[in-house]
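So the structure is just underneath, and the comments pick up after that.
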Amino acid sequence: MKQQSRMVVKKFGGTSVGSIERIEAVAQRIFEDTQEGQRPIIVSSAMAGETNRLVSLARDINNTYRGPAYDMLLASGEQVSIALLAMAIEKRGLKAKPLLAYQLGIKTDSIFSKARIKSVDDKKILDLVDKNIIPIIAGFQGSTGLEITTLGRGGSDTTAVAIAAAIGAGECEIFTDVPAICSADPRLIKNVSEISKLSFEEMMEMASLGSKVLHFRCVELAAKYNVKIHLRSTFLKREGTWVVPKGECMENPVVSSVTHDASTAVIKLFPVPIGQSYLSKLFDLLSKKNIVIDIITQSQNEEGQRLAFSMQEDEVFLAEEVVKEVFDASVKVSIMRGMAKISTIGVGMKNHHGVASRFFKILNSLEIPIHLVTTSDIKISAVIERTHLQEAASGLHTEFGLDSEKQD
Ligand code: ASP
Ligand code: MG
């Protein structure tokens with residue numbers, strides 16, 4: 001047990017291993033950690049830009065293909081980075097073993113491109129650590145036993161937390177190119193502030209509403225197995241953001257972040273024949289194609305039924321095919337690409353009223369049309385046109401007192 005308590009799972013993102021110099025720097029940091037008594041277990045993403053490059057190669061051949069060949073292609077980026085990292089670590093006199101998912105035993109279901117981890121062979125990891133060999137594990141990939149699968153873009157975070165959970169580690173370090181999780185995406189607006197602690201619940205909302213800083217499933221797993229996540233910079237030694245159970249962050253503000261998803265699409269349909277049978281048929285077919293539908297709004301009166309729903313923009317062509325199959329020409333279909341979802345999130349919203357009114361006041365004062373809205377007890381989201389995203393985000397960020405030089 002004593003030995004296990006010194007094991008630390010460390011995940012390095014694409015920019016952290018984006019060049020040979022950076023791989024050397026990561027290897028050096030791992031070496032220093034071992035000198036301080038840690039027993040690191042490493043998970044790595046592909047080198048920065050590599051997975052995007054592979055996606056575009058696939059698109060050049062067949063834009064709509066999803067299946068085993070696609071996952072095999074996308075998973076190859078991590079094979080390169082873990083091999084290089086293992087070599088850089090061995091150069092420093094330590095022992096390291098690069099491991100692909102099938103070698104380690106990261107078993108998943110067979111939903112290609114969106115696979116879920118079913119089990120991790122913790123024994124193999126513990127054996128290596130016992131022999132003073134540093135496991136260098138490929139993130140993002142899994143294995144059905146026969147086929148290579150991938151966990152969805154950004155999935156290396158999930159690999160890391162699944163491993164931490166499997167070996168019973170209480171925390172998992174996620175190293176990235178930003179020093180902390182911020183109150184909004186710093187690439188979208190200036191004046192963002194760093195968040196020192198967030199609850200699993202808030203982080204899950206942020207990840208599902210478009211924040212790319214942590215993969216949604218990784219936070220879901222962390223909450224389930226009580227693994228605290230420490231997101232921090234690869235290039236600085238200081239602490240970043242801790243994602244922890246909500247009892248440990250009672251002091252957070254009403255709204256802790258403004259999150260966006262810039263690649264949303266909306267399909268609006270009118271008039272859908274009255275009754276629920278068409279809805280049932282439509283959503284059944286969409287789910288059979290593994291299309292994840294986000295917001296749904298529906299209403300009906302004597303003129304007919306009105307339906308609108310949103311999804312990721314890169315899946316709208318699949319949804320369009322389904323809609324054509326279910327409805328005839330009497331239903332007017334609007335396919336709206338180029339949309340974005342903007343959200344405010346905070347556990348404090350549970351106990352404070354007036355957040356929705358301030359949210360709409362800002363969008364109204366900026367004259368930004370709203371296409372869909374959804375709320376939960378800790379978030380409010382609206383789908384707007386992407387061209388309005390930046391001004392909506394900065395207006396809301398200021399309204400909720402999140403600017404780093406407070407303008408409240
Ligand atoms: N390399 C994969 C991606 O770019 C997985 C990850 O980085 O987490 O999505
Ligand atoms: Mg990531």
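Each ligand, and each atom within it, is numbered from 1 in the order the structure gives. Just so it is clear, the model here is predicted, and its values are computed rather than measured.
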Original post:
Considering only the protein, which heavy-atom contact is closest to atom 3 (C) of ligand 1, and what is its distance?
Top reply: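 Ranked first by proximity to atom 3 (C) of ligand 1 is R153 NE, 3.3 Å.
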
Original post:
Starting from atom 7 (O) of ligand 1, which protein heavy atom do you reach first, and at what distance in Å?
Top reply: S45 OG, 3.1 Å

Subject >> side chain to side chain donor-acceptor pair (under 3.5 Å) evaluation trace for T149 with D71 >> reply: CA-CA 5 Å; T149 54; D71 284 36; 5.3 Å; no

**OP:** Check whether any side-chain N or O of T144 sits under 3.5 Å from a backbone N or O of E147 as a donor-acceptor pair, and report yes or no.
**Re:**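 Yes; at least one donor-acceptor contact below 3.5 Å.
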
Subject >> Sidechain-backbone polar pair: T259 side chain, M206 backbone, donor-acceptor under 3.5 Å >> reply: no

**OP:** May I ask whether G155 has any heavy atom positioned less than 4.0 angstrom from an atom of ligand 1?
**Re:** yes

Subject >> Residue-ligand contact E78/ligand 1, heavy atom below 4.0 Å >> reply: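 Flag set, E78 near ligand 1.
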
Original post:
Is any side-chain N of the basic residue among R232 and E194 closer than 4.0 Å to the acidic one's carboxylate O?
Top reply: no

Please say whether [X] places an N or O atom under 3.5 Å from an N or O atom belonging to ligand 1.
{"X": "G154", "answer": "yes"}
{"X": "K11", "answer": "no"}
{"X": "S156", "answer": "yes"}

**OP:** With S263 as reference, evaluate R386, E315, R337, Q312 under the side chain to side chain donor-acceptor pair (under 3.5 Å) test and give the passing residue.
**Re:**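 Between S263 and the candidates, side chain to side chain donor-acceptor pair (under 3.5 Å) is satisfied uniquely by Q312.
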
Original post:
Is it the case that H397 and N191 place a side-chain donor and acceptor less than 3.5 Å from each other?
Top reply: no

Subject >> T51: numbered ligand 1 atoms lying under 4.0 Å from its heavy atoms >> reply: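 What qualifies from ligand 1 is 1 (N), 2 (C), 3 (C), 4 (O).
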
